[in-house]
Amino acid sequence: MERQLSRSDRLIAHMDSALRILMPGAAVARRTNPAAAVGQAALDEFERQHVAGVVRAAHSATVGTQGFYQGQMALIKLPASRRQIEPLEGETLDHLAWCHQRLVQLNSRTSYFTPVWYGLSLGLGLTAGAIGDRFGLGMTAVTKELMSQQLNKQFTQLPVADHNSRPLFRQMAADNGHHARLAIEASGSRFPAPIKWGVGVLASGVMKVAYYA
């Protein structure tokens with residue numbers, strides 16, 4: 001019989017996840033990096049800085065989606081829905097670990113504003129979760145769907161010679177698309193285009209700031 005986690009158990013788990021997100025290098029991937037077998041690409045200085053900015057922006061957006069997910073999960077009431085979307089957390093932590101690994105390879109860093117992105121997203125997730133499970137899951141689906149679209153867009157911005165980042169972005173985009181579908185299947189509401197547009201504008205702003213800082 002599956003043990004039911006108490007509120008204190010969930011709080012400890014959320015704190016552990018928060019530390020993994022906020023401490024550079026603390027997130028450990030469970031899956032192998034998609035570019036693990038690829039040799040290091042020869043990039044000039046301009047390309048290196050550009051790729052670092054793109055990866056940093058993807059890392060920041062992933063921090064945001066994870067913060068929102070954790071906030072929404074903290075208040076979810078439907079056990080079946082909780083079990084259905086729990087795998088999202090582990091796979092998103094993989095993304096954070098992969099992005100950090102790539103930034104280290106590029107002699108770069110994560111965004112200075114990582115705690116801000118996480119805190120704001122966590123608050124929004126808690127708000128969505130307080131409104132209700134269907135609303136919270138629906139908004140999780142929106143953030144994941146938009147994240148997949150952004151990653152596909154960023155993929156096209158990477159240098160053709162950057163064989164290290166391209167497999168990473170391709171896998172992260174596929175994972176986020178799958179996460180969005182899982183959230184809807186777990187009883188998430190489907191939102192109209194204007195809401196998705198508003199969330200997309202917010203996400204684009206975060207990524208533009210993170211590209212540089």
Side-chain angles (χ1 to χ4, degrees), residues 20-21 24-69 85 87-114 117-118 121 140-183 196 199-213:
R20 292 175 185 271
I21 293 169
V28 178
R30 300 177 184 179
R31 294 176 293 170
T32 302
N33 190 311
V38 180
Q40 287 296 309
L43 303 175
D44 60 34
E45 183 60 18
F46 174 81
E47 289 176 327
R48 184 193 67 80
Q49 291 186 14
H50 170 65
V51 171
V54 173
V55 176
R56 182 164 49 248
H59 180 274
S60 295
T62 302
V63 167
T65 62
Q66 185 70 347
F68 187 93
Y69 164 84
I85 66 169
L88 275 64
E89 180 168 19
E91 293 187 355
T92 306
L93 288 175
D94 286 350
H95 300 172
L96 292 173
W98 295 342
C99 286
H100 184 262
Q101 291 168 9
R102 185 62 183 131
L103 287 168
V104 170
Q105 292 172 351
L106 294 164
N107 297 316
S108 192
R109 51 165 178 77
T110 56
S111 173
Y112 293 128
F113 299 103
T114 296
W117 310 141
Y118 178 75
S121 300
T140 295
V142 169
T143 61
K144 290 293 187 175
E145 179 185 345
L146 291 171
M147 184 68 190
S148 179
Q149 293 173 2
Q150 287 288 344
L151 287 165
N152 281 321
K153 180 179 179 180
Q154 288 179 310
F155 179 88
T156 66
Q157 298 170 351
L158 295 168
V160 175
D162 184 13
H163 304 298
N164 303 93
S165 303
R166 296 172 76 83
L168 189 157
F169 275 70
R170 188 182 298 112
Q171 184 62 54
M172 291 195 300
D175 287 346
N176 276 281
H178 178 60
H179 296 172
R181 292 189 292 274
L182 280 180
K196 293 182 179 181
V199 176
V201 170
L202 179 62
S204 295
V206 168
M207 297 178 84
K208 285 180 181 179
V209 172
Y211 178 91
Y212 296 102

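All residue numbers in this chain count up from 1 along the given sequence.
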query = Out of curiosity, Glu89 CD to Asp94 CG, how far, rounded to the nearest 0.5 Å?
reply = 11.0 Å
ask   = For residues Gln49 and Ser108, is any side-chain donor paired with an opposing acceptor at under 3.5 Å?
value = no
request  = Return yes when atom OH of Tyr211 has more than 12 non-hydrogen atoms of other residues, nucleotides or ligands closer than 6.0 Å, and no otherwise.
outcome  = yes
task = Return each pair, listed once, that meets salt bridge (charged side-chain N to carboxylate O under 4.0 Å, His left out) where at least one residue sits in residues 35-55; pairs must be two or more places apart or across chains.
result = Glu45-Arg48
task = Please list all pairs passing the salt bridge (charged side-chain N to carboxylate O under 4.0 Å, His left out) test where one or both residues lie in residues 164-183, with sequence neighbours left out.
result = Arg31-Asp175
task = Mind checking the NE2-SG spacing from His95 to Cys99? Nearest 0.5 Å is all I need.
result = 8.5 Å
request  = Enter the distance from His59:NE2 to Met207:CE here, rounded to the nearest 0.5 Å.
outcome  = 12.0 Å
request  = To the nearest 0.5 angstrom, please state how far the OG atom of Ser204 sits from the CD atom of Gln150.
outcome  = 4.0 Å
note = Distance col, row Leu96:CG vs Thr110:OG1, nearest 0.5 angstrom, shows 10.0 Å
request  = Could you note down all residue pairs passing salt bridge (charged side-chain N to carboxylate O under 4.0 Å, His left out) where residues 96-106 supplies at least one of them, sequence neighbours left out?
outcome  = Arg102-Asp162
message = Under 3.5 Å, is there a donor on one side chain and an acceptor on the other for Gln101 and Asn33?
response = yes
ask   = How far does OG of Ser60 sit from NZ of Lys208, to the nearest 0.5 angstrom?
value = 15.0 Å
